[in-house]
Every structure is written in C-alpha cells, then in structure tokens.
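The sequence lines fix the lettering, A, B, ..., with proteins before strands; numbering per chain opens at 1.
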Number of protein chains: 2
Amino acid sequence: MAAETKDRILDAAERLFADHGFPATSLRDITNAADVNLAAVNYHFGSKEALLIAVLERTTIPVNRDRLKRLDQLEAAAAGGPVEPEQLVRAFLTPLFEQQSNWTEHNFSWLKLMGRIHTEVDQELRAKLIGQYETVLRRFSAALRHSLPQLGQTEMIWRGLFMIGSMSFTMTWGASIMVTNVRAQRAPMEILEELIRFTAAGMAAQTGKSSK
Amino acid sequence: MAAETKDRILDAAERLFADHGFPATSLRDITNAADVNLAAVNYHFGSKEALLIAVLERTTIPVNRDRLKRLDQLEAAAAGGPVEPEQLVRAFLTPLFEQQSNWTEHNFSWLKLMGRIHTEVDQELRAKLIGQYETVLRRFSAALRHSLPQLGQTEMIWRGLFMIGSMSFTMTWGASIMVTNVRAQRAPMEILEELIRFTAAGMAAQTGKSSK
DNA sequence: GTCTATATGCGGATAGAC
DNA sequence: GTCTATCCGCATATAGAC
C-alpha cells in the first residue's frame with residue numbers, strides 16, 4: 001500500500017495547492033483529503049516543501065522532455081535554417097496543455113498549480129524549480145533569435161516574459177472563467193490554438209524603432 | 001498621529017504583501033516594519049483581510065478612474081467610429097505603469113501586489129475586488145469589439161485574458177528579472193511600450209477560421 | 001489612540017506504540 | 001508503514017490599562 005499512499009498524497013496535494021495555494025494549504029487538509037494519516041507526509045516526503053517539489057516534478061520533467069523533443073524535430077526539419085516562430089511557440093506551449101487535456105473545473109490541477117508557482121512560491125524555492133527550465137529556456141530563446149533576427153536580445157527577454165505570463169495566467173484562471181462565463185466555453189485544445197495565435201503574433205510584432 | 005499610523009501600516013503592508021504574498025505575511029511582520037504596535041492593525045482596519053482591501057483600493061480606484069477617463073477621450077475623438085486597438089490597449093495599461101513610475105526592485109510594490117492578487121487571493125475575496133473592475137471591463141471589451149469586429153465574443157474573452165496575464169506577470173516579476181539579468185534593463189515606460197506592442201499585435205492577430 | 005498581556009486556535013513536525 | 005498523542009511556535013484577534 002506504500003506506493004498507493006504516496007500517490008494519493010500527491011494527487012490530493014496537487015489539487016489543494018492548485019485551488020488554495022501553497023501557504024494556505026495545511027498538511028491536515030492534504031492528509032484528510034487523501035484519507036491517509038497526518039504523519040504520512042513527513043514519513044514519505046520529509047516536509048511540506050519537499051512534497052511540493054515532488055508534486056511539481058512529477059509533471060515538469062516529462063513536459064520539458066517533450067518540449068525539447070519537439071524542438072529537436074523542428075530544428076532537424078529546418079536543417080540549420082530558421083524555424084517559423086509560430087512553430088516554436090507551439091512546441092513550447094503544447095506539452096503543457098496535453099499534460100491534462102480533459103480541462104474542467106475539477107480536473108486541471110497541475111496546470112493551475114504551475115500558474116501559481118510563478119507568483120506564489122518564495123524566491124529561494126523558485127530558484128530550485130527554475131533550474132529545471134534552464135536548458136529549455138536557453139534552447140528556445142536561441143531558436144527564436146534565429147527566426148526573428150530583427151528582435152534585440154532585450155526585446156526577446158521581455159516578449160518571452162509576456163508569453164509566459166499569458167500562458168501562466170490562462171492555466172490558473174482559464175477553467176474558472178469557463179465556469180462563470182458560458183460564452184467562454186472552449187475545448188482546451190482550442191484555447192491552446194488561441195493562445196498560440198495570440199503569442200505568436202505578439203512575438204513577431206514590429207519592433208519599437210520601425211514605424212507603423 | 002492617527003493618519004500617519006494608518007499610512008505607515010498601508011505602506012508596509014503593500015510592500016510585504018507584494019514581496020511575500022498575503023497568506024505568508026503576518027500582522028507582526030507588518031507592524032514591525034511599520035514600527036507601530038501589533039494591535040494597531042485591528043484598531044484601524046478591523047482585520048488582516050480588511051487591511052488588504054484598503055491597500056488595494058488606495059490604488060485601484062484612481063487607476064480605474066484614469067482608465068475610464070482615457071477611454072472617454074478616445075471615444076469622443078473617434079466620434080462614434082472605432083478606436084484603434086492599440087489606443088485601447090494603451091489606455092488600459094498606461095495608468096497602471098504611471099501609478100508607480102520609478103520602478104526599481106524595492107519600489108514597485110503595488111504593481112507587484114496587483115499581479116499577485118490574480119493568482120493568490122481566494123475566490124471569495126477576489127469577487128469583491130473584481131466588482132471594482134466591472135465597469136472598466138465592460139466598457140473596454142465593448143470598445144474592442146467595435147474596433148475588431150472580426151473577433152467573435154469568445155475569442156475576445158480569451159484574448160483579454162491573455163493580455164491581463166501578460167500585464168499581471170510582468171508587474172509581478174519584471175523588476176526581479178531586471179535585477180538578475182542586466183540585459184533586461186529597461187525603463188518602466190519602455191517596458192510599457194513593449195507590452196503595448198506585444199498585446200496589441202496579439203489582440204489583432206488573425207482569427208482561427210481565416211487562412212494564413 | 002496606543003500599548004501590554006493574553007486568549008485561543010492552527011500550523012509543521014516528531015516520538016514512540018503497534 | 002501506519003497510527004495516536006503531543007511538542008512547540010506562531011498566527012489573528014481582543015481585553016483592558018494607560
């Protein structure tokens with residue numbers, strides 16, 4: 001039953017962290033929801049913070065692996081030439097959405113949690129998590145610079161930030177908005193397509209120096 | 001000294017909520033930083049949550065007033081015709097950045113806090129805050145539909161969400177990124193211009209049904 | 001209005017029985 | 001591996017002196 005207990009804790013923690021945030025979620029909330037003993041978290045994971053890391057890595061590792069695989073394929077197909085910016089944006093965003101494709105109010109916890117992480121976790125813990133993204137960010141920004149040579153490096157950094165912001169906010173609030181606003185109803189993959197169109201257009205927008 | 005105490009609490013709370021988040025900040029942290037007595041918060045504001053609302057409203061009210069004023073001017077100038085989407089995006093985003101134009105690591109608390117609110121505060125409290133935005137959102141989305149008639153209502157909702165995501169994430173993390181990455185150095189008003197270019201391009205991106 | 005002292009409860013973590 | 005019982009600190013909030 002050991003493995004099952006661990007997974008039940010991970011599932012409950014993922015959902016509760018996503019819904020209420022990390023500091024606002026107690027171990028008692030988690031162990032009650034998972035229907036396991038209070039002491040089990042510290043037995044299996046060591047601490048609340050280590051539990052958070054385990055929850056995140058369960059998904060970030062395969063997502064980032066998939067991102068790099070897609071980028072490899074695009075660059076191989078381009079044979080040294082630039083890749084379409086929209087293809088790069090797509091390769092970066094798609095693995096996230098595929099991770100949890102049945103995106104309903106009660107079934108998109110990891111996405112929502114990842115959205116939260118960017119704004120909620122303290123700097124120190126965040127630094128650990130960002131380490132996992134180093135390769136991904138480096139390779140994608142190099143590819144984008146190649147395909148959008150008119151962009152300066154500073155512009156690239158800021159536009160990348162804007163893109164991650166759209167993505168993260170959408171993951172955090174998208175499902176809630178679909179619940180409260182019937183007009184917003186869309187399948188997750190349609191929302192992904194909307195997000196790709198929006199961010200690809202933003203990334204490729206004219207730079208400040210040229211005139212309209 | 002009463003008014004001064006209240007303001008000192010508001011200033012300290014704004015900075016600490018922004019840096020560490022609402023649940024992770026204790027009243028002790030706040031009253032120590034403000035150099036006032038622990039009991040002063042409950043005396044002046046009633047509760048920790050009421051203090052948060054006071055901190056937010058100190059800025060949201062003038063910002064939203066300014067947004068509507070700018071929109072009034074644009075619509076008056078357009079005399080019933082559509083307003084350029086970029087002008088609408090500019091009118092929506094500028095008041096925020098002007099609110100705290102000296103944007104350095106330790107001097108952009110309110111922006112950062114507003115970025116956090118979208119992801120950190122629980123649904124119930126957020127609903128109260130969103131009430132203040134109702135008029136603003138309704139009027140801006142009507143104006144955008146007028147100037148981008150090819151967008152369906154659903155697409156408009158999602159693109160608005162993407163825009164708010166970019167804005168919110170930039171406010172939360174922009175200053176930290178400037179500190180850790182020298183290449184990202186920019187004046188706040190230049191970042192605002194970058195954000196306007198990015199989001200205006202995204203809002204105006206071709207819709208899904210048309211071909212590239 | 002401002003302070004000290006304190007009520008009361010929840011938090012993470014652990015000791016030790018089974 | 002799982003449980004109960006408990007430690008101990010910090011949280012918000014308030015009572016009541018000044």
Closest to side chain of B:N42, choosing from C:dA13, D:dT14, D:dT2: D:dT14

Worked check of salt bridge (charged side-chain N to carboxylate O under 4.0 Å, His left out) between A:R90 and A:E193: CA-CA 8 Å; A:R90 182 181 300 277; A:E193 291 301 321; 2.8 Å; yes

Nucleotide of C:dT4, C:dG11, C:dT14 approaching A:A39 most closely (side-chain heavy atoms): C:dT14

B:K48 side-chain N/O to B:T25 backbone N/O, donor-acceptor pair under 3.5 Å: yes

A:N32 CG - D:dC3 P separation (whole Å): 12 Å

Side-chain N or O of A:S26 closer than 4.0 Å to phosphate OP1/OP2 of C:dC10: no

A:R8 (side chain) donor-acceptor with A:D35 (main chain) under 3.5 angstrom: yes

Listed nucleotide nearest any side-chain atom of B:N37, set C:dA13, C:dT4, D:dA11: C:dT4

Separation between OG of B:S47 and CG of B:L52, rounded to the nearest 0.5 Å: 9.5 Å

Atom pair distance, as rounded to whole Å: CG in B:L38 and C1' in C:dG1: 15 Å

Closest-nucleotide 5' rank along DNA chain C - winner of B:V36 and A:G46: B:V36

Interatomic distance, B:H44 NE2 vs C:dC3 P [rounded to whole Å]: 9 Å

Spacing between B:K48 atom NZ and C:dG9 atom C1', to the nearest angstrom: 15 Å

Sugar-phosphate, base or nothing in reach of B:T25, heavy atoms under 4.0 Å: sugar-phosphate

Rounded interatomic separation in angstrom, taking NZ from B:K6 and P from C:dT2: 11 Å

Sugar-phosphate only, base, or nothing, as touched by B:A40 at under 4.0 Å among non-hydrogen atoms: nothing

Atom-to-atom span, CD1 of A:I9 to C1' of D:dT2 - whole angstrom: 11 Å

D:dT2 OP1/OP2 closer than 4.0 Å to side-chain N/O of A:T5: yes

Separation of atom CZ in A:F45 from atom C1' in C:dG12, rounded to whole Å: 16 Å

Spacing of B:L16 atom CG relative to D:dA11 atom P, expressed in whole Å: 12 Å

Verdict with supporting geometry, B:S166 and A:S166, side chain to side chain donor-acceptor pair (under 3.5 Å): CA-CA 5 Å; B:S166 294; A:S166 293; 2.8 Å; yes

